[in-house]
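Structure, as structure tokens:
Nothing fancy with the numbering, it's 1 onward along the sequence.
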Amino acid sequence: FPVTILRFIGQTLLYTIAWSLLIIATSKLFDNRLVGQVATASVWLLGFSTLAAQWNVLVLSESLTISLLAGALAALFIWITNGQTRFVQAFAMLLIAAALIRPQLFIVVVLVALTWLIFGRRAKLTRTGYLATSVILVGGVILSIGQQAFWRERQCSSADIEVLRSHATR
């Protein structure tokens, strides 16, 4: 019971921080005031809706992934508006963390890494900033590949065990 409560509290804090940052970042993203207000209100309505708040109680891995993606988007929006390298790196790390929780996001990490390696040099970053972000993204792809292999092996092992059990009961 205490562990579940602590997980719930931690996830709620992460959820609140990530969605609040996304709302703030969205509000600063658009030059057109009306568009910015509509976008900010939309993010606010989605992030703090009853349905979204219930994610924290119902499914912890899904809600954690969604919170990490909200934080990643916030970091990306902040980087777009102010150009500081640490925010694109935060985006990359949060995206990779989400992909490690949800292996289905592997393709997103690969696409972001490829896009960064092709077009990232055009960003107004120092060479060190570009290289550091590239290392983070390539490392994320390698971690994701390792995780994919781990889960594939684990699924095969589970399937093999089931086959052996079915033969044993015959």
Side-chain angles (χ1 to χ4, degrees), residues 6-33 35-40 42-44 46-48 52 55-56 59-155:
L6 292 176
R7 253 188 267 159
F8 170 73
I9 291 169
Q11 173 53 37
T12 302
L13 286 172
L14 178 64
Y15 158 84
T16 304
I17 292 167
W19 282 91
S20 297
L21 286 174
L22 183 56
I23 289 167
I24 292 166
T26 303
S27 72
K28 297 178 184 307
L29 187 61
F30 298 96
D31 291 333
N32 184 309
R33 185 179 169 128
V35 172
Q37 289 174 341
V38 169
T40 302
S42 299
V43 171
W44 189 89
L46 175 64
F48 292 107
W55 293 334
N56 294 323
V59 187
L60 287 172
S61 65
E62 286 295 330
S63 57
L64 179 59
T65 302
I66 292 167
S67 294
L68 288 170
L69 290 174
L73 273 177
L76 182 64
F77 291 172
I78 292 168
W79 176 64
I80 289 169
T81 56
N82 75 13
Q84 292 182 3
T85 305
R86 66 177 178 236
F87 290 105
V88 73
Q89 292 169 347
F91 161 73
M93 288 186 279
L94 289 166
L95 179 63
I96 291 164
L100 291 175
I101 295 169
R102 295 309 278 161
Q104 298 86 344
L105 293 172
F106 166 72
I107 191 68
V108 175
V109 173
V110 170
L111 290 174
V112 167
L114 287 173
T115 303
W116 177 259
L117 291 172
I118 294 168
F119 300 107
R121 197 62 198 124
R122 295 181 189 169
K124 295 177 182 174
L125 295 176
T126 63
R127 176 168 283 158
T128 306
Y130 170 75
L131 290 174
T133 306
S134 298
V135 167
I136 290 168
L137 284 167
V138 169
V141 169
I142 292 168
L143 277 172
S144 294
I145 289 170
Q147 183 190 35
Q148 293 288 327
F150 170 77
W151 285 112
R152 198 173 311 113
E153 179 181 314
R154 191 162 181 196
Q155 287 173 344

Point-to-point distance, once rounded to the nearest 0.5 Å, from [atom1] of [X] to [atom2] of [Y]:
{"X": "L21", "Y": "S67", "atom1": "CG", "atom2": "OG", "value": "11.5 Å"}
{"X": "L76", "Y": "L69", "atom1": "CG", "atom2": "CG", "value": "12.0 Å"}
{"X": "I80", "Y": "K28", "atom1": "CD1", "atom2": "NZ", "value": "15.0 Å"}
{"X": "L100", "Y": "F106", "atom1": "CG", "atom2": "CZ", "value": "11.0 Å"}
{"X": "T26", "Y": "F77", "atom1": "OG1", "atom2": "CZ", "value": "5.0 Å"}
{"X": "T65", "Y": "I101", "atom1": "OG1", "atom2": "CD1", "value": "4.5 Å"}

Closest contact, heavy atoms only, [X] versus [Y]:
{"X": "A39", "Y": "F30", "result": "CB-CE1, 3.4 Å"}
{"X": "N32", "Y": "V35", "result": "OD1-N, 3.2 Å"}
{"X": "A90", "Y": "A75", "result": "CB-CB, 4.0 Å"}
{"X": "V88", "Y": "W116", "result": "CG2-CZ3, 3.9 Å"}
{"X": "I96", "Y": "L137", "result": "CD1-CA, 4.3 Å"}
{"X": "I136", "Y": "A92", "result": "CG2-CB, 3.7 Å"}

Run the side chain to side chain donor-acceptor pair (under 3.5 Å) test against T81 and tell me which residues pass, sequence neighbours left out.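 Testing T81 for side chain to side chain donor-acceptor pair (under 3.5 Å), a comparison that skips the adjacent residues, returns none.
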Checking Q37 now: which residues fulfil side chain to side chain donor-acceptor pair (under 3.5 Å) with it, not counting sequence neighbours? none
So does [Y] get a backbone contact from the side chain of [X], meaning a donor-acceptor N/O pair under 3.5 Å?
{"X": "Q89", "Y": "A132", "result": "no"}
{"X": "Y15", "Y": "G10", "result": "no"}
{"X": "S20", "Y": "I17", "result": "no"}

With a 4.5 Å heavy-atom cut-off, do [X] and [Y] have their side chains touching?
{"X": "V138", "Y": "L117", "result": "yes"}
{"X": "L46", "Y": "W19", "result": "yes"}
{"X": "L73", "Y": "V43", "result": "no"}
{"X": "F91", "Y": "I78", "result": "no"}

Sorted by chain and number, sequence neighbours left out, side-chain contact (heavy atoms from CB on, under 4.5 Å) with L94 holds for L68, A72
